[in-house]
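Below is one structure, written out as structure tokens; comments come after it.
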Amino acid sequence: KQLGKATRFPDAIGRYIEFCKHSIPYRIDFNGLKVVVDCANGAAYNIAPQVLEELGAEVITLGVSPDGYNINEGCGSTALDALKSEVVAQSADIGIALDGDADRVLFVDADGKVIDGDQTLYLIALFAQQQGTLGGGVVGTLMTNLGFEQAMQQAGIAFERAAVGDRFVLEKLQANDWLLGGETSGHIICLDKNTTGDGTVAALQVLRIMQRTGKPLAELVEKMPMYPQKMINVAVKRGMGKQVIVSKHVQQVQQQLEGDLRDAGRIVLRPSGTEPLVRVMVEGQDAALVEQTTTQLAEAVTEASQALAG
């Protein structure tokens, strides 16, 4: 391009469709797969369905009528009810839910059950390990389910946590010279395919695994334990989140509660990067204990916040 002038590519959509298709081996097609794809009235509304159709899938679409205002409105990866219903009604093999800018993807199995980013990362990691293409370990975040971490340990795959945010996942991947990482929300980064998260490309990897193994999505992820998680957002005075977390009162309560959880759970306290909130997250094997622990710790955060605010 010239200085100050951007070059337009009239065939950009076609180029991108071909790029997506080439993220899986040329000999793979999706003939026989029935797919419902929800494009969130967003960036991939006229791309993801074409990619899937050109690869042979039978495609039913949702969220493909953008008007400039309805992006993510009751559809896409942030609102999955319509997709779950349509997958069951159509007797589809899988539902794919992109978000508005199409960098995130979540799935629904044939029974209408949601498959999140941790489970997606799990099946891609195991398949890559079996194929000898994993290229090191896997990066998740502070919010990645403890069940995923245990599944990686059992498979002999190195795992590290980054701060929440796909840019932090990418930074750790690059630092470790690894290829695969992602977030619970559905940001999946496959550096052997792309330089950033791409919902359509990630979806193709999942469909490829289903087609290659002949197994339904539910069976592919069934061996990964999913620990119950609970999160409470506690309002604090702006700019005081970190102070609250390291306060003596919160630290004492957290230490006591971690002792109750032992090795069967974990606690994550972190200030929001955009709002005056402290996010209190607890996960563990015992759902009732997780609920109780989250409530107690949130109360301690509130008490510390009030004390610090005077």
Side-chain angles (χ1 to χ4, degrees), residues 77-78 99 101 103-104 116-118 121 137-150 152 158-176 178 181-189 196-197 226-287 289-310:
S77 64
T78 57
D99 68 333
D101 58 359
D103 62 349
R104 282 189 289 158
D116 71 9
D118 295 341
L121 199 59
V138 179
V139 174
T141 73
L142 295 175
M143 304 304 290
T144 299
N145 197 280
L146 184 59
F148 178 88
E149 181 175 346
Q150 293 181 344
M152 292 298 99
F159 171 69
E160 291 188 15
R161 294 181 186 270
V164 174
D166 57 325
R167 71 184 182 96
F168 298 114
V169 173
L170 179 59
E171 286 174 2
K172 190 169 283 289
L173 284 174
Q174 293 172 332
N176 291 347
W178 292 352
E183 299 189 275
T184 309
S185 61
H187 276 113
I188 306 296
I189 301 175
T196 186
M226 288 292 287
Y227 280 34
Q229 287 186 341
K230 172 76 173 181
M231 186 165 73
I232 297 177
N233 292 320
V234 181
V236 298
K237 188 174 181 180
R238 188 170 294 277
M240 291 184 61
K242 290 183 179 179
Q243 288 178 263
V244 171
I245 289 172
V246 301
S247 67
K248 184 176 180 180
H249 178 56
V250 170
Q251 290 293 299
Q252 286 177 337
V253 173
Q254 180 177 350
Q255 185 175 8
Q256 176 190 336
L257 295 173
E258 285 176 335
D260 295 338
L261 288 170
R262 297 183 179 87
D263 295 329
R266 67 189 185 100
I267 291 172
V268 177
L269 283 176
R270 66 183 184 90
S272 168
T274 57
E275 302 173 273
L277 299 171
V278 167
R279 306 197 191 281
V280 180
M281 193 279 284
V282 180
E283 67 177 348
Q285 293 178 339
D286 186 329
L289 181 58
V290 166
E291 184 82 23
Q292 176 185 326
T293 302
T294 312
T295 300
Q296 289 180 264
L297 192 52
E299 289 173 353
V301 169
T302 299
E303 291 165 357
S305 174
Q306 292 171 345
L308 287 170

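- Side-chain contact between Thr196 and Leu170 is absent, with no heavy atoms from C-beta onward closer than 4.5 Å.
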Subject >> Chi angles and distances behind the side-chain contact (heavy atoms from CB on, under 4.5 Å) call for Asn145, Thr184 >> reply: CA-CA 8 Å; Asn145 197 280; Thr184 309; 6.0 Å; no
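- Applying the salt bridge (Lys or Arg N to Asp or Glu O under 4.0 Å) test between Arg266 and each of Glu283, Glu258, Glu149 identifies Glu283 as the sole match.
- At least one donor-acceptor pair under 3.5 Å links the side chain of Ser247 to the backbone N or O of Val244.
- Residues Val278 and Val250 are not in side-chain contact: their nearest non-hydrogen atoms beyond the backbone lie 4.5 Å or more apart.
- Atom CE of Met152 and atom CG of Leu121 lie 7.0 Å apart (nearest 0.5 Å).
- Using a 4.5 Å heavy-atom cutoff, the side chains of Met143 and Arg279 are not in contact.
- Counting heavy atoms from C-beta on, the side chains of Gln255 and Gln252 never come closer than 4.5 Å.
- Atom CG of residue Leu261 and atom OG1 of residue Thr293 lie 4.5 Å apart, to the nearest 0.5 angstrom.
- Side chain of Thr295 to backbone of Glu291: a donor-acceptor contact under 3.5 angstrom is found.
- Considering Ile267, Leu289, Val282 in turn, Val282 is the only one that fulfils the side-chain contact (heavy atoms from CB on, under 4.5 Å) rule with Thr294.
- Judged purely by atom type and a 3.5 angstrom limit, Glu183 uses its side chain to pair as donor or acceptor with the backbone of Gly165.
- Atom CG of Leu269 sits about 4.5 Å away from atom CG of Leu297, to the nearest 0.5 Å.
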**OP:** Apply side-chain contact (heavy atoms from CB on, under 4.5 Å) to the pair Val169 and His187, showing each step before the final yes or no.
**Re:** CA-CA 10 Å; Val169 173; His187 276 113; over 6 Å; no
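- Expressed to the nearest 0.5 Å, how far CG of Leu308 lies from CD of Glu303 amounts to 12.0 Å.
- If you take NZ on Lys172 and CD1 on Ile189, they are separated by 13.0 Å, rounding to the nearest 0.5 Å.
- Contact of the Asp260 side chain with the Leu257 side chain is registered, since non-hydrogen atoms from C-beta on lie closer than 4.5 Å.
- One finds the CD atom of Gln229 at 4.5 Å from the CE atom of Met281 (value rounded to the nearest 0.5 Å).
- Of the possible donor and acceptor atoms, one in the side chain of Thr144 sits under 3.5 Å from a partner among the backbone N and O of Thr141.
- Of the possible donor and acceptor atoms, none in the side chain of Asp118 sits under 3.5 Å from a partner among the backbone N and O of Phe148.
- Considering only residues two or more places apart in sequence or on other chains, Asp99 meets the salt bridge (charged side-chain N to carboxylate O under 4.0 Å, His left out) condition with Arg104.
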